[in-house]
Amino acid sequence: MIFSKTLNNWYSINKRDLPWRQTKDPYYIWLSEIILQQTQVAQGLPYYVRFTEEFPSVFHLANAQESEVLKLWQGLGYYSRARNLHTTAKHVANQLNGEFPNNYKDLLKLKGIGDYTASAMASICFNKPEAVVDGNVYRVLARYFSIDTPINSSKGVKEFKQLAQELINKKDPATFNQAIMEFGATQCKPQSPDCTICPFVKSCIAFNTNRINELPVKIKSAKAKKKYFNFLVFVDNNERTILEQRHGKGIWQNLYQFPLIETSKSCDFKTLNNLAKKHSLLNGHTFELSLYNDQDIVHKLSHQHLHTKFWIVKVNNALPNAIPKNEIHTYAVPILIGNFIESFNF
DNA sequence: AACCCGGGGTT
DNA sequence: AACCCAGGGTT
């Protein structure tokens, strides 16, 4: 109880003024929580503003096309969030009369809502005593109680969840949950937290045993794999180009890209020229190939490093299903493609 | 339990 | 280069 009181006092003084803190409407809280998954406030904030403007209610979002939702999500990453967002909006609008469930168990059934988001919505919107455990909470608890259990082990997940549940202030779970996350985000930071101004400086075990920089413990993930992407940027005699939609299970599902040739290593002009000759889109066409970027563009994802070459493919006749240059910007593309489109003068 | 899924930022 | 971020889904 003393923990909760100290925390709430800190929060009342130090909390940031953020738009999703002005409401308890489940739709807006849900939007903010999905956008902020694995995403820092500074990055997610403009997306939250655009989504609430474009889709002011769950019905607006439900009535949109997935392509519109993906386009608005473009650049934020983890695009399954956007696809699941749309799926759940349609379900809530059409099956639940536009009303989100008011408890953890039923919220958890919705696509894209896991333990964290169900707890956050149940507590913030409906004042239910459901403790959230996000990256901030893991860090705060691991340090305050000096807990060595890896936060990304199944044992750690259970242990920290139970601890958070024991600590939560059941009289005001909404404030407690937001306070402990905010505390982790701005005071109990991952690197170089200023413990001299921390309200828990006397009781934090990690600080008093000089273990702040050892905690929390996390099992290391595998190193990123290198991949070699060659995008074919077609330019036909009408100044049109080709975009294809990605399907299947990999990255960027349902987003658009230039036709891709993936190779096992970086390839030179001759190799790519031979591969291009065999490409179905160039069947019966003569073309002129040139390399746009002299050095590979290395696009770093969490677990893949994409070594990328953009090849300009000029064709002297008209390509079927080609896209006029003024329509390119209407397609949702990965940021890697988006950056190229901005720099390339079609 | 292990792996996949983005992009931006800090150190 | 390694780590972090208001995590969730799939296998």
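So you know, we letter chains A, B, ... as the sequences are listed, proteins then strands, and number each from 1.
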Tell me which of A:S192 and A:G250 sits closer to the 5' end of DNA chain B, going by the nucleotide each one is nearest to. A:G250
Rounding to a whole Å, what distance do you find between A:I335:CD1 and B:dG9:P? 11 Å
What pairs meet the ring pair (Phe, Tyr, Trp, His ring centres under 6.0 Å) rule with one or both residues in residues 120-164 of chain A, with sequence neighbours excluded? A:F3-A:Y144, A:Y138-A:F160, A:Y144-A:F200
Give the rounded distance in Å between these two atoms: CG of A:L301 and P of B:dC5. 9 Å
Please state how far atom CG in A:N339 lies from atom P in B:dG6, giving the value in whole angstrom units. 16 Å
Just to be sure I understand the rule, does A:Q253 reach a base, reach only the sugar-phosphate, or reach nothing, if contact means heavy atoms closer than 4.0 Å? nothing
Which residues satisfy the salt bridge (Lys or Arg N to Asp or Glu O under 4.0 Å) test with A:D106, sequence neighbours excluded? A:K109
With heavy atoms under 4.0 Å as the rule, sort A:G75 into base, sugar-phosphate or nothing. sugar-phosphate
Sequence-distant partners of A:E166, side-chain contact (heavy atoms from CB on, under 4.5 Å), two or more places apart: A:Q162, A:L163
In dot-bracket notation, what is the pairing pattern of DNA chain C, taking Watson-Crick (N1-N3 plus N6-O4 or O6-N4) and G-U wobble (N1-O2 and O6-N3) contacts under 3.5 Å, with [ ] crossing and | for other strands? |||||.|||||
When you compare C:dT11 with B:dG6, how far apart are their P atoms, in angstrom units rounded to a whole number? 15 Å
Could you encode protein contacts along nucleotides 2-11 of chain C as a string, one character per nucleotide from 5' to 3', using B for base contact, S for sugar-phosphate-only contact and - for no contact, with a heavy-atom cut-off of under 4.0 Å? -SSBBBSSSS
Any residue meeting side-chain hydrogen bond (donor to acceptor under 3.5 Å, both in side chains) with A:T263, in chain and number order, not counting sequence neighbours: A:N230
Ignoring backbone atoms, establish whether A:H303 has a side-chain N or O less than 4.0 Å from OP1 or OP2 of B:dC3. no
Is there a donor-acceptor pair closer than 3.5 Å between any side-chain N or O of A:Q245 and the backbone N or O of A:L255? no
Of the candidate nucleotides C:dA1, B:dG7, B:dC5, which contains the atom at the shortest distance from the side chain of A:I251? B:dC5
Would you indicate, yes or no, if B:dG7 has its OP1 or OP2 atom less than 4.0 angstrom from a side-chain nitrogen or oxygen of A:W252? yes
Rounded to whole Å, CG of A:N152 lies from P of B:dC4 at a distance of 15 Å
Pairing residues for A:E288 by the side-chain contact (heavy atoms from CB on, under 4.5 Å) criterion, not counting sequence neighbours: A:K314
A:F344 and A:Y292: aromatic ring centres closer than 6.0 Å? yes
Using the test side-chain contact (heavy atoms from CB on, under 4.5 Å), find all partners of A:Q257 that sit at least two apart in sequence or belong to another chain. A:F231, A:R246, A:W252, A:L260, A:I337
Applying side-chain hydrogen bond (donor to acceptor under 3.5 Å, both in side chains) to A:T88 and not counting sequence neighbours gives none
Write down the distance separating the P atoms in C:dA6 and B:dC4, rounded off to the nearest Å. 24 Å
